[in-house]
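The chain is numbered in sequence order, starting from 1. Numbering of ligands and ligand atoms starts at 1, following listing order.
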Amino acid sequence: MPPTVAIAEVFGDVADVELFPEEQAVIAVAIEGRRREFTTGRHCAHLALSRLGLPRTPLLPGPSRAPMWPPGIVGSITHCEGYRAAAVAHAQDIGSVGIDAEPNQPLPEGVARLVVFDDDYTVPAGYGVHADRLLFCCKEAVYKAWYPLTGRWLGFEDVRVRIEELRFTAKLKVPGPILDGVEVTGFTGRWIARDRLILAAVVVG
Ligand SMILES: CC(C)(COP(=O)(O)OP(=O)(O)OC[C@H]1O[C@@H](n2cnc3c(N)ncnc32)[C@H](O)[C@@H]1OP(=O)(O)O)[C@@H](O)C(=O)NCCC(=O)NCCS
C-alpha cells in the first residue's frame with residue numbers, strides 16, 4: 001500500500017470492542033461468526049480511520065453492503081478465518097481501494113469454473129499458493145475497488161487477471177468508470193501468501 005493508505009489488521013478477534021449502537025443493530029440477529037467478523041472488521045476500520053486523524057463515527061453498510069465511509073474517505077474491509085483488516089485513505093489521495101483475504105486453500109468444488117478462465121492468469125511457481133484461490137482473492141479485491149467507483153455489479157467473467165510475482169493486473173472486459181476524464185480499463189494490485197492466508201490489495205489513482 002502507498003503511505004497515504006492507513007491500514008489496520010488483526011490475526012483473530014479482539015475482545016471488548018465497543019461498537020456504536022447503530023453498528024450493533026446491523027448484527028443484532030446475526031449468527032456468532034458473523035458478529036465476530038463484523039465487530040473486528042469495524043474495529044480495524046475505526047483504528048485505520050484514527051490513523052488518518054479522523055474522529056470516531058458509525059460505519060454503516062450501504063444498500064449493497066459496501067461500508068459508507070465518512071465524506072472524503074475511501075476504504076475497504078476484509079475478513080476471513082483468522083484475519084480481519086481495513087484500509088482507508090483520503091479521496092484526494094486515492095481514487096479507490098479494495099482488499100481481500102482468503103484462506104490459502106483450493107476453492108470449493110465447482111467454484112473455480114465460475115471464477116477462472118483460460119486466458120486469466122499465469123501461475124507463479126514456488127510460492128506455495130493455491131492458484132485458483134489466489135485468482136479469486138485478486139478478483140474480489142478488484143470488485144471492492146470497482147464498486148464504490150461505479151455502483152455496479154462486476155462478474156468474475158468480466159475481468160481477466162494476470163498474476164506475476166507479488167503483483168497482478170486486472171483487465172476489464174466491460175466499460176470502466178471515468179476518473180479525471182479518462183476511462184479506467186484495468187486495475188493493478190499486489191498479493192502475498194503467508195501464514196496460511198492469501199492477501200490481495202488494489203489501489204486506484
Ligand atoms: C462483496 C464481496 C466481494 C465480499 O468478499 P468476501 O470475500 O465474500 O468477504 P470479505 O470478508 O473479504 O469482505 C466482506 C466485506 O466487503 C465489504 N463489501 C461488501 N459489499 C461490498 C461492495 N459491494 N463493495 C465494496 N465492499 C463491499 C464489506 O465491508 C464486507 O464486510 P462487512 O459486511 O463486515 O462490512 C463478495 O461477497 C461478492 O459479492 N463477490 C462477487 C462479486 C465479485 O467479486 N466479482 C469479481 C469481479 S472481478
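More than 12 heavy atoms of other residues, nucleotides or ligands shown are found within 6.0 angstrom of CZ on Arg152. The local environment of CZ in Arg167 is sparse, with at most 12 non-hydrogen atoms from other residues, nucleotides or ligands closer than 6.0 Å.
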For this session: Assess whether side-chain contact (heavy atoms from CB on, under 4.5 Å) is satisfied between Asp100 and Lys144, documenting all intermediate values.
Result: CA-CA 8 Å; Asp100 194 66; Lys144 290 183 190 174; 3.3 Å; yes
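A distance of 6.0 Å or more separates the ring centres of Phe156 and Tyr143. Aromatic rings of Phe136 and His130 (six-membered ring for Trp) have centroids beyond the 6.0 Å cut-off, not under it.
Grouping Ile, Leu, Val, Met, Phe, Trp and Tyr by side-chain contacts under 4.5 Å, direct or through others, puts Val74 with Met1, Val5, Ile7, Ile94, Val97, Ile99, Val203.
If you look at ligand 1, the protein residues with a non-hydrogen atom under 4.0 Å away are Arg34, Phe38, Arg42, Ser64, Arg65, Ala66, Pro67, Ile77, Thr78, His79, Asp100, Glu102, Lys139, Glu140, Tyr143, Lys144, Tyr147, Trp153, Leu154, Gly155, Phe156, Val159.
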